[in-house]
Amino acid sequence: MRHIRVAQLLSLDKGEDNIIVMGWVRTRRDSKGGFSFIEVNDGSCLGNLQVIADSTLPNYQDEILKIQTGCSVKVTGKAVPSPGKGQKMELQAKSLEVLGWADPETFPLQKKRHSFEFLRTIAHLRPRTNTFGAIARVRNAMSIAIHKFFQERGFLYIHTPILTGSDCEGAGDMFRVTTFELDKIPFKDGKPAFEQDFFGAPSHLTVSGQLEAEIYALAMGDVYTFGPTFRAENSNTSRHLAEFWMVEPEMAFCDLEGDIRTATEFIKYILKYVLENCREDMDFFNNFIDKTIIDTLENIISQDFRILTYTEAIDILTSSGEKFEYPVKWGSDLQAEHERYLCEKRFHCPVVLINYPKDIKAFYMKLNEDNKTVRAMDVLFPKIGEIIGGSQREESYELLLSRIKEIGLNPDDYWWYLELRKFGSAPHSGFGLGFERLIQFVTGMANIRDVIPFPRTPGNISF
RNA sequence: UCCCCGAUAGCUCAGUCGGUAGAGCAGGUGGCUGUUAACCACCCUGUCGAUGGUUCGAGUCCGUCUCGGGGAGCCA
């Protein structure tokens, strides 16, 4: 007896006896010829295994005829080439044991299509659907591809902290972490007495591992982080989560051009990996979610990304003749409609925008010689907008210090970050990529809440 | 957080001019078939999101709230 997964069984090139398969029933069809077809899925692949259960099985009348969508079963039998259409192999059951029943009156999943909104309310059951099974497999493959890409290039995987004492990372509102009883917080001089809290200081969930990654880049060379990130912003969109996963490479002795090269190669590598390793799931997305998704991915792999300076982008937008709701002006941030015009209408490919005005970018970005712009880079994708944000970092102690003061931050809070520029400073660059946004792009899924198993958004922490 | 749209059977939705609700799917029963989103017939299914108001009468009109969707902002 050999327990194998459905994916393995379906790819057998000849029959094999004494096989055990375990999984969940998707549908049952009875033949009055004296047997039933039972389709079993075990998550190993999109396709179901067709099990043939003959009426001579001892529990045929009592159990097998009562099997419904959702039951878990253990099937022992012989894998044989299927005489029917639609599958190469099938399993002739010698025994079929129901491990867990699913009352059809109350089991919420049906054989028909459900809305994603409904499935979100049953996140404990939605991975048993075709779409969410496919997403889980693609998400897994993309995670592996991320590690493969960096490991093949000698990057070191760094675990940066989830809990942070720096409340000034500057990338948005943070979740507070405390062990205080909320109804009896100790106060001192009208403020919470943080010195009595667990860490003895105000503490938060991280909004980025970048600053810590820089520490390791300036010791190990090329490093990357890949982990959860938290933003307490009240964002209610199809592209935002309060908890999401971010990939953040950081490279020593690397300038903005090297940063762009890595980002471009990285994205293409991931897309290629998914197309090569998740063909069945990608065909599914292409058929049922977005009819152009495979073409789109193949196009992006074969195309060069368009690199433009912020100033060039402003010129293109102002001379485009296009009517925008928000005016285009040098010095103000580009709106979603502007980014969409560049990607979708003008260049029909991903666009890399560089050299943004310093006032609309973070303090740690390296100042250009013009003293007005910084060595920033945003990678803009059609439909989903900004997917990567990165920059060459300011490596000059004096310039970084004056930038920190200029925007009103306290240099004491950044003492260790500043010291990196004092002792053996070196040019270095990095970027952050929103993992779920890339999954959205790869699968064609419209809502980011459907590409993470358990989405956290304002007002939603169930499951 | 702002703008727009929506909430009706387990699911997906229709519901006209204000007159106490319907279809498909699912489920049940029977039939049929190496079937494969199976098919055919019959049967069952409702706090019309919550709350207040207008009205003889509200799923329908008005106010408030909750939740969801699309867009915007913030960003990845």
Side-chain angles (χ1 to χ4, degrees), chain A residues 26-40 47-54 66 68-70 80 82-87 90 92 102-122 129-130 169-173 207-210 228-248 263 287-288 324-326 333-340 360-362 378-381 384-390 431-441 446-452 457-460 462:
Chain A
R26 285 295 176 79
T27 178
R28 188 196 86 227
R29 296 177 294 273
D30 302 319
S31 166
K32 280 287 155 29
F35 53 92
S36 295
F37 301 96
I38 296 161
E39 290 203 30
V40 177
N48 300 326
L49 171 66
Q50 176 163 284
V51 173
I52 314 299
D54 198 84
K66 293 179 184 144
Q68 296 282 10
T69 304
V80 296
S82 175
K85 289 177 208 155
Q87 61 280 319
E90 64 185 26
Q92 303 275 2
D103 177 8
E105 296 279 358
T106 50
F107 184 62
L109 287 177
Q110 299 173 8
K111 284 184 273 183
K112 57 169 259 180
R113 206 195 129 85
H114 292 288
S115 69
F116 293 132
E117 291 80 13
F118 170 67
L119 291 171
R120 244 170 259 155
T121 69
I122 50 167
T129 63
N130 287 336
E169 291 185 34
D173 298 332
V207 293
S208 167
Q210 180 199 316
T229 308
F230 307 88
R231 303 274 166 92
E233 240 108 45
N234 190 11
S235 297
N236 294 287
T237 81
S238 55
R239 303 177 304 283
H240 288 86
L241 292 165
E243 177 184 278
F244 64 99
W245 284 61
M246 189 153 64
V247 184
E248 295 180 286
N287 285 333
F288 294 102
F324 295 112
E325 192 187 334
Y326 293 87
D333 221 345
L334 294 182
Q335 303 294 317
E337 57 173 346
H338 306 143
E339 298 179 350
R340 209 172 298 129
I360 59 172
K361 286 293 179 186
D378 281 2
V379 179
L380 310 178
F381 261 41
I384 51 173
E386 185 183 341
I387 195 163
I388 281 180
F431 62 83
L433 171 131
F435 185 45
E436 283 79 13
R437 287 194 181 168
L438 190 59
I439 302 174
Q440 269 191 282
F441 187 78
N447 197 309
I448 201 166
R449 298 166 194 211
D450 298 325
V451 297
I452 189 167
T457 53
N460 184 0
S462 299

Pairs under 3.5 angstrom, nitrogen or oxygen only, protein versus nucleotides 65-72 of chain B, please.
unit_1, atom_1, unit_2, atom_2, d
B/G69, OP1, A/Arg120, NH1, 2.1
B/A72, OP1, A/Arg340, NH2, 2.6
B/A72, O2', A/Tyr326, OH, 3.1
B/A72, N6, A/Asn236, O, 3.4

Pairs under 3.5 angstrom, nitrogen or oxygen only, protein versus nucleotides 25-30 of chain B, please.
unit_1, atom_1, unit_2, atom_2, d
B/A26, O4', A/Gln110, OE1, 3.3
B/G27, O2', A/Glu105, OE1, 3.4
B/G27, O2', A/Glu105, OE2, 2.4
B/G28, OP1, A/Gln68, NE2, 3.3

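Across B/C65 and B/G70, the matching P atoms stand 22 Å from one another, rounded to whole Å. Taking the C1' atoms as reference points, B/G63 lies 16 Å from B/U55, given to the whole Å.
Phosphate contact (OP1/OP2 of B/U35, side-chain N/O of A/Ser31, threshold under 4.0 Å): absent. Side-chain nitrogen and oxygen atoms of A/Arg29 include at least one within less than 4.0 Å of the OP1 or OP2 phosphate oxygen of B/A38.
Contacts of A/Phe324 classified as ring pair (Phe, Tyr, Trp, His ring centres under 6.0 Å), with partners at least two apart in sequence or in another chain: A/His338, A/Tyr341. With sequence neighbours left out, A/Phe435 forms a ring pair (Phe, Tyr, Trp, His ring centres under 6.0 Å) with A/Phe226. Every residue was checked against the salt bridge (Lys or Arg N to Asp or Glu O under 4.0 Å) condition with A/Arg113, not counting sequence neighbours, and none meets it. Looking at residues two or more places apart in sequence or on another chain, you find no salt bridge (Lys or Arg N to Asp or Glu O under 4.0 Å) involving A/Asp333. Remark: A/Arg120 engages A/Asp450 in a side-chain hydrogen bond (donor to acceptor under 3.5 Å, both in side chains) (not counting sequence neighbours). For A/Asn287, there are no side-chain contact (heavy atoms from CB on, under 4.5 Å) partners two or more places apart in sequence or in a different chain. By the side-chain hydrogen bond (donor to acceptor under 3.5 Å, both in side chains) test, A/Ser31 pairs with no residue at all, sequence neighbours left out. Under the rule for a side-chain contact (heavy atoms from CB on, under 4.5 Å), the partners of A/Phe107 that lie at least two apart in sequence or sit in another chain are A/Thr69, A/Ala102, A/Leu109, A/Leu125, A/Arg128. Take A/Gln50 and apply the side-chain contact (heavy atoms from CB on, under 4.5 Å) test, not counting sequence neighbours, and it matches A/Arg29, A/Phe37, A/Ile52, A/Ser82, A/Gln87, A/Glu90.
Heavy atoms of A/Glu90 sit under 4.0 angstrom from at least one base atom. At a threshold of 4.0 angstrom between heavy atoms, the contacts of A/Leu438 with the nucleic acid are absent. Nucleic acid contact class of A/Pro108 (heavy atoms, under 4.0 Å, all strands): none. Across all strands shown, A/Gln92 has heavy atoms under 4.0 Å from base atoms, whether or not it also approaches the sugar-phosphate. Within the nucleic acid shown, A/Ser36 has no heavy atom closer than 4.0 Å to any nucleic acid atom. Counting non-hydrogen atoms under 4.0 angstrom, A/Phe118 reaches the backbone sugars and phosphates but no base.
At least one donor-acceptor pair under 3.5 Å links the side chain of A/Thr237 to the backbone N or O of A/Arg239. Distance alone, capped at 3.5 Å, is enough to place a donor-acceptor pair between the A/Gln440 side chain and the A/Ala446 backbone.
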> Based on Watson-Crick and G-U pairs with both distances under 3.5 Å, what dot-bracket line describes RNA chain B 5' to 3', crossing pairs as [ ] and inter-strand pairs as |?
Replying inline: (((((((..((((.....[..)))).(((((.......))))).....(((((..]....))))))))))))....

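At whole-Å resolution of the value, CZ in A/Arg231 and P in B/C74 are 14 Å apart. Across the protein-nucleic acid pair, A/Phe435 atom CZ and B/A76 atom C1' stand 13 Å apart, rounded to whole Å.
An aromatic stacking contact links A/Phe244 with the base of B/A76, defined here by ring centres under 5.5 Å apart and ring planes under 30° from parallel.
Because its glycosidic torsion is within 90° of 0, B/U20 is reported here as syn.
A/His114 contributes no side-chain N or O that forms a donor-acceptor pair with the base of B/C11 under 3.5 Å.
The side-chain heavy atoms of A/Arg437 and A/His240, taken from C-beta on, include a pair separated by under 4.5 Å.
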